[in-house]
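Below is one structure, written out as structure tokens, with a few remarks after it.
If you read the sequence from its start, that first residue is 1, and numbering goes on from there. As the structure lists them, so they are numbered: ligands from 1, and atoms in each ligand from 1. For the numbers below, each heavy atom of this structure counts, side chains included, while hydrogens, waters and symmetry mates do not.
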Amino acid sequence: MTARKIIIDTDPGQDDAVAILLALASPEDVEVLGITAVAGNVPLELTAKNTRIVCELAGKVDVPVYAGCDRPLGRDLVTAEHVHGKTGLDGPNLPDPTMPLQDQHGVDFIIDMLRSNEPGTVTLCPLGPLTNIATAFQKAPDIVERVQEVVLMGGAYFEVGNITPAAEFNIYVDPEAADIVFKSGVSIVVMPLDVTHKALVTKPRNDAFRALGTPAGIAVAEMTDFFERYDKEKYGSAGAPLHDPCVTAYLIRPDLFSGRHINVEIETSSELTMGMTVADWWGVTDRPTNALFIGDLNADGFFDLLTERLARL
Ligand code: BDR
Ligand code: CA
């Protein structure tokens with residue numbers, strides 16, 4: 001099988017970093033055409049910097065990195081330093097990047113890639129707010145039907161919310177953008193909190209990363225050491241949830257995941273439930289199916305894959 005062409009759209013974020021490392025370590029499965037940064041966990045300047053730090057940690061300095069949108073479509077940016085730390089990548093002590101940021105805007109890169117590759121051969125992998133993707137769809141509506149699939153981390157049904165009682169962070173930050181993407185007609189796979197909260201870095205799993213003894217393995221262990229305190233305190237969970245790596249793991253081993261083809265709508269008007277993913281998991285409406293909503297994963301298989309691939313870097 002030929003490697004699937006992907007564009008990662010991201011706001012690193014420790015879990016974004018692990019998702020990127022997994023993709024960059026798996027060239028036989030995914031060809032990373034480029035990485036676009038978006039404002040989310042921390043402001044754009046930091047997500048664009050962190051993306052390059054992660055590429056350099058992987059030893060992949062030739063991957064083009066672009067800065068995209070610095071704020072949501074129609075509202076102020078909400079960030080998550082309370083989860084990810086001041087830099088967004090708190091934990092390991094990693095050097096500032098020396099690889100360049102590309103001059104082109106991330107949104108224009110997404111548009112160009114979709115226009116210049118065969119239709120149906122480029123997959124978009126958003127790991128943060130959907131601002132860049134929605135902006136690209138608005139600016140160049142012709143690209144929508146050229147997208148192979150959007151595989152994204154965002155939303156929740158059973159787990160409801162993490163940034164508000166009703167909403168997950170990525171969707172909450174830019175609900176209008178999410179609404180555009182979910183209504184676009186593009187094929188969508190969603191990794192909601194329902195599944196990502198099952199991808200927990202327990203102590204033995206973290207020990208396995210550290211035991212790799214490589215800069216990437218040790219950095220991932222240190223990132224999850226830092227990142228876990230938030231979910232441990234909040235949910236009493238066994239370790240850090242690896243939200244975003246569920247996206248890249250799905251591209252490599254979809255058999256590790258299971259879900260349902262359902263309708264998902266985004267709340268964009270109620271202040272109380274803003275950004276909620278109203279997921280018709282039980283099929284109680286006749287709204288049309290627009291997403292494969294993942295609910296479960298084989299966690300041991302996921303961590304085996306991750307550890308095996310990180311060992312290559
Ligand atoms: C999502 O929000 C961010 O904090 C994480 O990087 C992840 O993409 C989880 O709600
Ligand atoms: Ca993210």
Side-chain angles (χ1 to χ4, degrees), residues 7-23 35-44 46-51 53-54 68-69 72 77-91 106 124-133 150-175 177-178 181 189-201 220 223-224 226-231 233-235 237 239-250 266 274-277 279 293-294 297:
I7 297 172
I8 300 176
D9 185 67
T10 181
D11 63 337
Q14 293 87 351
D15 61 319
D16 301 72
V18 181
I20 295 167
L21 292 173
L22 175 58
I35 308 182
T36 51
V38 68
N41 285 322
V42 285
L44 181 67
L46 284 174
T47 60
K49 175 180 171 189
N50 291 345
T51 302
I53 290 177
V54 175
C69 299
L77 177 66
V78 174
T79 52
E81 286 87 353
H82 60 293
V83 183
H84 301 277
K86 204 156 63 70
T87 65
L89 265 194
D90 279 20
L124 303 178
C125 303
L127 310 177
L130 287 159
T131 320
N132 285 344
I133 310 298
V150 173
V151 184
L152 66 91
M153 192 281 137
Y157 179 64
F158 295 97
E159 294 286 287
V160 201
N162 60 356
I163 185 77
T164 75
E168 181 279 330
F169 179 79
N170 289 342
I171 307 294
Y172 177 78
V173 172
D174 201 343
V181 173
V189 180
V190 185
M191 294 292 162
L193 296 179
D194 306 345
V195 63
T196 69
H197 280 173
K198 294 173 183 162
L200 296 178
V201 187
V220 167
M223 282 184 217
T224 53
F226 177 84
F227 181 50
E228 72 174 11
R229 89 210 176 288
Y230 179 78
D231 285 78
E233 279 166 24
K234 181 171 166 192
Y235 298 106
S237 52
L242 287 187
H243 305 287
D244 296 335
C246 288
V247 167
T248 42
Y250 175 84
I266 310 296
M274 183 63 70
M276 186 173 193
T277 43
F293 202 78
I294 302 296
L297 89 164

request  = Step by step, work out the side-chain contact (heavy atoms from CB on, under 4.5 Å) result for Asp231 and His197.
outcome  = CA-CA 9 Å; Asp231 285 78; His197 280 173; 4.1 Å; yes

request  = Given side-chain contact (heavy atoms from CB on, under 4.5 Å), test Thr224 with Gln14 step by step and report yes or no.
outcome  = CA-CA 7 Å; Thr224 53; Gln14 293 87 351; over 6 Å; no

task = Distance to 0.1 Å, residue and atom name: give those for the protein heavy atom nearest to atom 8 (O) of ligand 1.
result = Asp244 OD1, 2.7 Å

ask   = Is the count of non-hydrogen atoms from other residues, nucleotides or ligands lying under 6.0 Å from Lys234 atom NZ greater than 12?
value = yes

inquiry  = Can you confirm, on distance only, whether ligand 1 has an N/O atom lying under 3.5 Å from any N/O atom belonging to Asp11?
reply    = no

task = Specify the protein heavy atom at minimum distance from atom 3 (C) of ligand 1: its residue, its atom name, and the distance to 0.1 Å.
result = Asn41 OD1, 3.1 Å

inquiry  = For Phe169 together with His243, are the ring centres under 6.0 Å from each other?
reply    = no

task = Taking all heavy atoms of Glu81 and all of Thr79, pick out the closest pair and write down the distance.
result = OE1-OG1, 2.6 Å

request  = Output yes when the distance from some N or O of ligand 1 to some N or O of Leu127 is under 3.5 Å, and no in every other case.
outcome  = yes

ask   = So is His243 polar-close to ligand 1, meaning N/O to N/O under 3.5 Å?
value = no

key: ligand 1 contact on His84 by region, counting heavy-atom pairs under 4.0 Å   = side chain

note = Note on the Ca ion (ligand 2): protein N/O/S atoms within less than 3.0 Å are Asp11 OD1, Asp16 OD1, Asp16 OD2, Leu127 O, Asp244 OD2

ask   = Taking C-beta and beyond as the side chain, do Met153 and Ile294 meet within less than 4.5 Å on heavy atoms?
value = no

task = Check whether the side chains of Asp90 and Thr87 place a donor and an acceptor atom closer than 3.5 Å, and report yes or no.
result = yes

remark   = The side chain to side chain contact (heavy atoms under 4.5 Å, CB included) partner of Cys69 among Asp9, Asn132, Ile133 is Asn132

request  = Please tell me if the side chains of Phe293 and Asp194 come closer than 4.5 Å, counting only heavy atoms from C-beta onward.
outcome  = yes

note = The protein heavy atom nearest to atom 7 (C) of ligand 1 is Asp15 OD2, 3.3 Å

key: Closest approach of any protein heavy atom to atom 10 (O) of ligand 1, naming residue and atom   = Glu168 OE2, 2.5 Å

note = Note: Asp16, heavy atoms under 4.0 Å from ligand 1, region reported as side chain

inquiry  = Checking contacts here: is it the side chain or the backbone of Asn162 that comes within 4.0 Å of ligand 1, counting heavy atoms only? Could be both or neither.
reply    = side chain

ask   = Would you call Asn170 and Leu130 a side-chain contact if the rule is heavy atoms closer than 4.5 Å?
value = no

ask   = Do Asp244 and Val18 have side chains that get closer than 4.5 Å, going by heavy atoms?
value = no

